[in-house]
Amino acid sequence: MWWYSAAMIDWTQRANDAAKTVRRFEAPSPRVGLVLGSGLGDVARAIAVAATVETTDIPFFPRSTVAGHAGKLILGEWAGRSIAVLAGRVHGYEGYSAAEAGFTARFLGALGCRALVVTNAAGGLNPSFQPGDLMLIEDHISLPSLAGLSPLVGPAIEGLPRFVDLTDAYSPTLKKIATESARANGISLRHGQYVMVGGPNFETPAEVRFLRSIGGDAVGMSTIPEVIVARQLDLEVVGLSVISNLAAGLPGALLRHDDVLATVERAASSVRCLVEGILNRMPE
Ligand code: HPA
């Protein structure tokens with residue numbers, strides 16, 4: 001069962017080994033990590049690239065199997081920051097454990113990142129949201145973590161907290177900066193709570209009503225394992241969701257992966273602009 005197999009793995013050792021391989025590429029050591037969600041690969045266009053690494057060439061890196069997730073690590077500079085961008089992530093619904101899904105953050109931490117920008121595609125639960133809207137993640141509700149599928153399940157990791165405080169999972173400073181950056185660039189930015197579900201099936205309309213009733217504004221199948229691991233490592237986190245569709249049962253909901261991707265791709269230039277604004281304003 002998953003919690004026994006998780007017990008055998010030394011995640012820190014794996015992250016350090018993975019980082020050691022990547023250091024051979026002699027790119028500047030990144031201070032900021034950026035994880036690009038489904039359909040957001042284009043956001044990376046703004047980077048002055050020092051090296052591109054296939055994640056299949058990085059030891060212990062879980063392989064992405066989903067259309068829209070490229071599986072590339074890009075190292076370079078953007079807005080004066082040395083940055084590591086992961087275009088493509090892995091999800092629990094591909095058969096990975098939450099710890100494997102959170103490995104991205106452990107790896108970025110091992111590479112030297114002190115801040116993490118996470119992006120994703122999400123279904124709108126808030127009836128005032130429209131497909132194509134951007135939402136700043138104020139906080140999250142993770143149904144998998146609440147049900148025992150936290151990425152931190154397993155033996156305690158030496159030197160890291162066992163019981164991670166998620167009071168400020170999303171950095172108040174970076175949220176303020178994201179809000180200012182959106183305003184300065186004329187980007188309309190929603191704010192809300194991201195609910196994580198396991199997927200890969202979309203929700204039923206009854207589940208969508210439930211997720212709305214517990215305070216969710218957007219629902220998705222990713223991101224939270226990375227955020228929780230990042231917080232264990234004390235990285236500052238900021239999260240952006242692109243509302244790719246309205247969730248099941250809402251008027252106008254359209255739930256095909258291709259349409260979801262197309263909507264996200266159209267929003268990629270706003271995400272790029274917003275991330276650039278955040279990088280510009282981020283403290284050293
Ligand atoms: N539900 C869950 N995850 C999603 C959705 C959705 O409607 N859209 C994009 N990711």
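Numbers here simply count residues along the sequence, with the first being 1. All ligand and atom numbering here is 1-based and tracks the order in the structure. Not measured: the values here are computed from a predicted model.
- Using a 4.5 Å heavy-atom threshold, the side chains of Leu73 and Thr52 count as separate.
- The 12-atom threshold is not exceeded at CZ of Arg63, counting heavy atoms of other residues, nucleotides or ligands nearer than 6.0 Å.
- By the criterion of a heavy-atom distance under 4.0 Å, neither the backbone nor the side chain of Ala248 is placed next to ligand 1.
- Here the closest heavy-atom approach between residue Ile187 and residue Leu274 is recorded as CD1-N, 3.9 Å.
- Tyr96 places no side-chain N or O within 3.5 Å of a backbone atom of Gly102 that could act as its donor or acceptor partner.
- Relative ring orientation between Trp11 and Phe103 is described as tilted, the plane-to-plane angle lying within the 30° to 60° band.
- A heavy-atom separation below 4.0 Å is not found between Leu246 and ligand 1.
- Ligand 1 places these atoms under 4.0 Å from at least one heavy atom of Ala122: 8 (N), 9 (C), 10 (N).
- Distances from atom 2 (C) of ligand 1 to the heavy atoms of Met196, His257, Glu203 put Glu203 nearest.
- Counting heavy atoms closer than 4.0 Å to ligand 1, residue Leu255 contributes side-chain atoms (C-beta onward) but none from N, CA, C or O.
- The closest donor-acceptor contact from the side chain of Lys175 to the backbone of Glu138 lies under 3.5 Å.
- Here the heavy atom of the protein found nearest to atom 5 (C) of ligand 1 is Gly123 N, 3.4 Å.
- No side-chain heavy atom of Ser222 sits under 4.5 Å from any side-chain heavy atom of Tyr93.
- In the displayed structure, Arg162 atom CZ is contacted under 6.0 Å by more than 12 heavy atoms of other residues, nucleotides or ligands.
- Within the listing of ligand 1, atoms 9 (C), 10 (N) sit less than 4.0 angstrom from a heavy atom of Ala121.
- Distances from atom 9 (C) of ligand 1 to the heavy atoms of Ser244, Ala253, Gly37, Pro131 put Ser244 nearest.
- The closest protein non-hydrogen atom to atom 4 (C) of ligand 1 is Val219 O, 3.5 Å.
- Atoms of ligand 1 lying under 4.0 Å from any heavy atom of Asn245, numbered from 1 in the order shown and given with element: 5 (C), 6 (C), 7 (O), 8 (N), 9 (C).
- Closest to atom 6 (C) of ligand 1 among all protein heavy atoms lies Phe202 CD2, 3.5 Å.
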